[in-house]
There are 2 protein chains.
Amino acid sequence: MSTITQVPRPLPEQLVELIAERFRIIGEPMRIRLLDALREGEASVQELQAAIGASQQNVSKHLGVLLRAGIVSRRKDGNFAVYAIADDGVFELCDHVCGGLRRQLENLDALLPGGTSR
Amino acid sequence: MSTITQVPRPLPEQLVELIAERFRIIGEPMRIRLLDALREGEASVQELQAAIGASQQNVSKHLGVLLRAGIVSRRKDGNFAVYAIADDGVFELCDHVCGGLRRQLENLDALLPGGTSR
DNA sequence: ATATAACACAACTACATCGTTGTTTGCTAC
DNA sequence: GTAGCAAACAACGATGTAGTTGTGTTATAT
């Protein structure tokens, strides 16, 4: 199942907004930390809170944003709320961004006299 | 040169910030429109302004953001400033996002009785 | 039933950023 | 030089959102 997302040429306004929203949601340090933590598997709010070091309310809030965006899923287990990655694509996205960052650094590096080191 | 961006497991704080910034920069409707317009090739501020329908100052400002992020490049041609895509990776990113959106829509679609239409 | 724990919701403050208005810079033409 | 155009810069108001504080809400345990 290849994802050959043939995108229309002048992007329709609605799609622009959707894409922007998606990027904006991921473009938050706290949410990236949450997604990164969830990479190891599902976790409760408590565990995420401990892993990241943020207030319970803040973690819950950001998880709510990710949940409404369909990026994570939620499951109730007794007294706990267990969150998990629902859309693995986000990691490919992050890897892509990391690749881009790396390319930029390499380009900057090439401009310096010292080469790779220094 | 395959970009196998092996990302460290707990993402270092600096990298988190960089990734977030990158996403945040792309996550703006106006900037997405600019990038979309530049997909056809380099263009002056005037042309972009006309294509998108925004004020000169606003277009210039957003282009400045994209330029500082290294996503577009700038070239002076007489009285004009000609911008072009510097990092083609952004389109793959957008396609990825579109793919994710499409998957979500399909999932929602599957939940509806009518199937694909309606 | 009561107490406690885990999580979510609501109101609020602080801060960032979008878009506008006004101005400045840099180039071309006369 | 002066006039005129393209683009960038600067300051401002309005809006959005991150994080905190305070308060429900739901489930477990005694």
Side-chain angles (χ1 to χ4, degrees), chain A residues 13 16-38 41-84 86, chain B residues 11 13 16-38 41-86:
Chain A
E13 184 53 27
V16 168
E17 304 284 347
L18 279 176
I19 296 175
E21 189 189 27
R22 185 43 88 92
F23 274 103
R24 202 157 13 92
I25 285 175
I26 305 179
E28 200 64 12
M30 185 68 66
R31 289 196 278 269
I32 292 182
R33 277 180 228 123
L34 285 170
L35 292 173
D36 183 43
L38 285 174
E42 58 176 23
S44 68
V45 176
Q46 254 196 150
E47 292 168 328
L48 293 172
Q49 179 181 350
I52 291 175
S55 73
Q56 178 267 320
Q57 288 90 333
N58 202 17
V59 168
S60 179
K61 198 187 227 177
H62 284 293
L63 285 172
V65 174
L66 292 171
L67 179 64
R68 273 186 293 279
I71 299 177
V72 302
S73 66
R74 190 173 100 161
R75 173 172 67 83
K76 281 299 293 273
D77 180 26
N79 225 339
F80 298 80
V82 180
Y83 286 88
Chain B
L11 287 178
E13 185 52 28
V16 168
E17 303 283 348
L18 279 177
I19 296 175
E21 190 189 27
R22 186 42 91 92
F23 274 102
R24 202 161 10 95
I25 285 175
I26 304 179
E28 199 64 14
M30 185 68 67
R31 289 197 278 269
I32 291 181
R33 277 180 226 123
L34 286 169
L35 292 173
D36 183 43
L38 285 174
E42 58 176 22
S44 68
V45 176
Q46 258 197 142
E47 293 169 327
L48 293 171
Q49 179 182 350
I52 291 175
S55 72
Q56 177 268 318
Q57 288 92 331
N58 203 16
V59 168
S60 179
K61 199 188 230 177
H62 283 294
L63 285 173
V65 173
L66 292 172
L67 180 64
R68 271 186 294 278
I71 299 177
V72 302
S73 66
R74 190 173 99 160
R75 173 172 66 84
K76 282 297 294 269
D77 179 26
N79 226 339
F80 299 81
V82 180
Y83 286 86
I85 298 293

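The figures here come from the full heavy-atom set of this structure, side chains too, leaving out hydrogens, waters and symmetry mates.
- Residue A/Y83 places none of its side-chain N or O atoms closer than 4.0 Å to OP1 or OP2 of C/dA6.
- Across the protein-nucleic acid pair, A/R74 atom CZ and D/dT26 atom C1' stand 11 Å apart, rounded to whole Å.
- Remark: A/H62 is in phosphate contact with D/dG19, judged by side-chain N or O atoms under 4.0 Å from OP1 or OP2.
- Across the protein-nucleic acid pair, B/L34 atom CG and D/dA7 atom C1' stand 14 Å apart, rounded to whole Å.
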Within the sub-3.5 Å range, which N or O atoms of nucleotides 23-29 of chain C have a protein N or O partner, and how far apart are they?
residue: C/dG26; atom: N2; partner: B/N79; partner atom: OD1; Å: 2.9
residue: C/dC27; atom: O2; partner: B/N79; partner atom: ND2; Å: 3.4

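- Considering only side-chain N and O atoms, B/S55 lies nowhere under 4.0 angstrom from the phosphate OP1 or OP2 of C/dG19.
- Distances shown here put every side-chain N or O of A/R24 at or beyond 4.0 Å from the OP1 or OP2 atom of D/dG16.
- What separates NZ of B/K61 from C1' of C/dG22 is a distance of 13 Å, to the nearest Å.
- Distance A/E28 CD to C/dT17 P: 10 Å, rounded to the nearest Å.
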Would you be so kind as to tabulate the donor-acceptor pairs closer than 3.5 Å made by side chains of residues 75-85 of chain B, with sequence neighbours excluded?
residue: B/R75; atom: NH2; partner: B/E42; partner atom: OE1; Å: 3.2
residue: B/R75; atom: NH2; partner: B/E42; partner atom: OE2; Å: 2.7

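- Separating the CZ atom of A/F80 from the C1' atom of D/dT26 is a distance of 13 Å, rounded to the nearest angstrom.
- Less than 4.0 Å separates DNA chain C from at least one heavy atom of each of the following residues of residues 41-54 of chain A: A/S44, A/V45, A/Q46.
- Contact detail for A/V72 and A/L67: the closest heavy-atom pair is O-CD1, 3.3 Å.
- When all heavy atoms of A/A86 and A/S73 are compared, the pair lying nearest together is CB-N, 3.8 Å.
- With values rounded to the nearest 0.5 angstrom, B/I19 atom CD1 is found 10.5 Å from A/L35 atom CG.
- Separating the CG atom of A/N58 from the C1' atom of D/dG22 is a distance of 15 Å, rounded to the nearest angstrom.
- Taking all atoms of both residues into account, the shortest heavy-atom contact from B/I25 to B/A69 is CD1-CB, 3.6 Å.
- Closest heavy-atom contact between B/A54 and B/Q49: O-CG, 3.0 Å.
- Regarding A/I26, its CD1 atom lies at a distance of 15 Å from the P atom of D/dT17, rounded to whole Å.
- A/I32 contributes atom CD1, which lies 10.5 Å from atom CD of B/E21 (distance to the nearest 0.5 angstrom).
- Partner A/H62 forms a side chain to side chain contact (heavy atoms under 4.5 Å, CB included) with one of A/R33, A/Q57, A/R31 and no other, that one being A/R31.
- Using a 4.0 Å cut-off, some side-chain N or O of A/R31 falls inside it from OP1 or OP2 of D/dA18.
- Separating the CD1 atom of B/I25 from the C1' atom of C/dC18 is a distance of 15 Å, rounded to the nearest angstrom.
- A distance of 6.5 Å separates CZ in A/R24 from CD in B/E28, rounded to the nearest 0.5 Å.
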